[in-house]
Amino acid sequence: MKWDLILMAAIYLFGGIMHFIKPKAYVKIIPKFLPKRRTLNLVAGAFEIILALGLLFPKTRSFASIGIILMLIVFLIVHFNMLRGGKYSLGFPKWILILRIPLQFFLIWWAYLYI
């Protein structure tokens with residue numbers, strides 16, 4: 001198995017686990033117009049974990065990659081919401097929030113390589 005595939009799986013596994021360990025941090029960045037933000041956070045974390053594990057098996061890798069791409073597209077809502085500044089940015093400098101947008105597209109491309 002390629003090292004970058006293992007790294008990608010580890011990143012999403014870690015991210016998914018963090019949704020359960022530090023849920024308040026994630027709930028804070030979910031836009032308020034979305035309902036049941038706590039539940040959304042847990043569902044997102046569970047999907048990240050499941051998709052990360054799916055990357056590790058050839059039979060599920062393509063499905064997991066598509067799922068990750070869809071998840072990353074949905075997560076753009078959070079990134080753009082944080083760009084509103086103030087309490088939405090959680091104190092992150094605007095330049096970091098701006099850099100997250102192209103990073104998101106890089107992650108989409110990376111997952112696309114394994115479809």
Side-chain angles (χ1 to χ4, degrees):
M1 188 177 310
K2 294 183 176 184
W3 69 269
D4 68 314
L5 187 59
I6 295 169
L7 177 61
M8 186 186 336
I11 289 168
Y12 292 112
L13 182 62
F14 176 76
I17 290 169
M18 291 307 292
H19 280 264
F20 294 92
I21 293 175
K22 297 281 188 181
K24 288 181 183 178
Y26 288 89
V27 171
K28 284 181 183 178
I29 63 173
I30 297 173
K32 297 204 185 304
F33 64 82
L34 293 173
K36 300 186 180 190
R37 295 179 310 143
R38 292 179 189 181
T39 302
L40 285 174
N41 170 61
L42 297 176
V43 168
F47 270 109
E48 276 192 80
I49 292 167
I50 291 166
L51 295 171
L53 296 174
L55 289 173
L56 300 176
F57 302 97
K59 289 184 178 181
T60 57
R61 187 170 298 142
S62 181
F63 176 75
S65 296
I66 292 168
I68 287 170
I69 290 167
L70 294 173
M71 178 183 68
L72 291 170
I73 290 169
V74 170
F75 286 178
L76 281 169
I77 295 168
V78 170
H79 298 302
F80 284 115
N81 186 61
M82 291 180 78
L83 279 171
R84 293 170 57 192
K87 65 180 179 180
Y88 302 106
S89 70
L90 295 181
F92 286 101
K94 192 153 195 145
W95 68 271
I96 289 177
L97 299 175
I98 291 170
L99 282 178
R100 289 175 66 194
I101 305 300
L103 174 63
Q104 197 79 350
F105 287 103
F106 169 78
L107 294 172
I108 290 169
W109 170 79
W110 188 13
Y112 177 77
L113 295 177
Y114 289 99
I115 292 179

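These values consider heavy atoms only, across backbone and side chains, with no hydrogens, waters or symmetry-generated copies.
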Distance, nearest 0.5 Å, that separates [atom1] of [X] from [atom2] of [Y]:
| X | Y | atom1 | atom2 | answer |
| --- | --- | --- | --- | --- |
| Met18 | Ile49 | CE | CD1 | 11.0 Å |
| Phe75 | Met71 | CZ | CE | 5.0 Å |
| Ile30 | Ile77 | CD1 | CD1 | 10.5 Å |
| Leu55 | Ile6 | CG | CD1 | 11.0 Å |

Give me each pair satisfying side chain to side chain donor-acceptor pair (under 3.5 Å) with a member in residues 64-93, each pair once, sequence neighbours excluded.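 Every side chain to side chain donor-acceptor pair (under 3.5 Å) pair that includes a residue of residues 64-93, provided the two are not neighbours, is His79-Arg100, His79-Gln104, Asn81-Arg84, Arg84-Tyr88.
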Pairs touching residues 22-42 that satisfy side chain to side chain donor-acceptor pair (under 3.5 Å), sequence neighbours left out: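 Every side chain to side chain donor-acceptor pair (under 3.5 Å) pair that includes a residue of residues 22-42, provided the two are not neighbours, is His19-Asn41.
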Per the side chain to side chain contact (heavy atoms under 4.5 Å, CB included) rule, which among Ile69, Ile68, Val74 passes with Leu72?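 Among the candidates, only Ile68 passes.
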In this structure, would Phe63 and Met8 fall into the same cluster of hydrophobic residues linked by side-chain contacts under 4.5 Å?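 Different clusters: Phe63 never reaches Met8 through Ile, Leu, Val, Met, Phe, Trp or Tyr contacts under 4.5 Å.
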Indicate if Val43 and Val27 have the same hydrophobic cluster label, given that clusters are the connected sets of ILVMFWY residues with side-chain heavy-atom separations under 4.5 angstrom.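 No, because Val43 and Val27 fall into different hydrophobic clusters, even though each may have its own neighbours under 4.5 Å.
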If you count heavy atoms of other groups shown closer than 6.0 angstrom to CZ of Phe20, is the number above 12?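 Count over threshold, so yes.
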Minimum-distance pair of heavy atoms, taken over all atoms of Ala9 and Ala52: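 Between these two residues, the closest heavy atoms are O-CB, 3.3 Å.
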Shortest non-hydrogen contact between Gly54 and Ala64, atoms and distance: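 Here Gly54 and Ala64 meet closest at C-CB, 3.6 Å.
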Any pair with a residue in residues 27-62 that passes ring-ring contact (aromatic ring centres under 6.0 Å, His included), sequence neighbours left out, goes on the list, sorted by first then second residue, please.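 Every candidate ring-ring contact (aromatic ring centres under 6.0 Å, His included) pair involving residues 27-62 fails, so no pair, neighbours aside, qualifies.
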Could you list the residues that satisfy side-chain contact (heavy atoms from CB on, under 4.5 Å) with [X], not counting sequence neighbours?
| X | answer |
| --- | --- |
| Ile29 | Val78, Met82, Leu90 |
| Pro58 | Arg61 |
| Trp3 | Leu7 |
| Ile50 | none |

Scan the side chains in residues 105-115 for donor-acceptor partners under 3.5 Å anywhere in the protein, sequence neighbours excluded, and list what turns up.
residue : atom : partner : partner atom : Å
Trp110  : NE1  : Asp4    : OD2          : 3.1
Tyr114  : OH   : Asp4    : OD1          : 2.7
Tyr114  : OH   : Asp4    : OD2          : 2.8

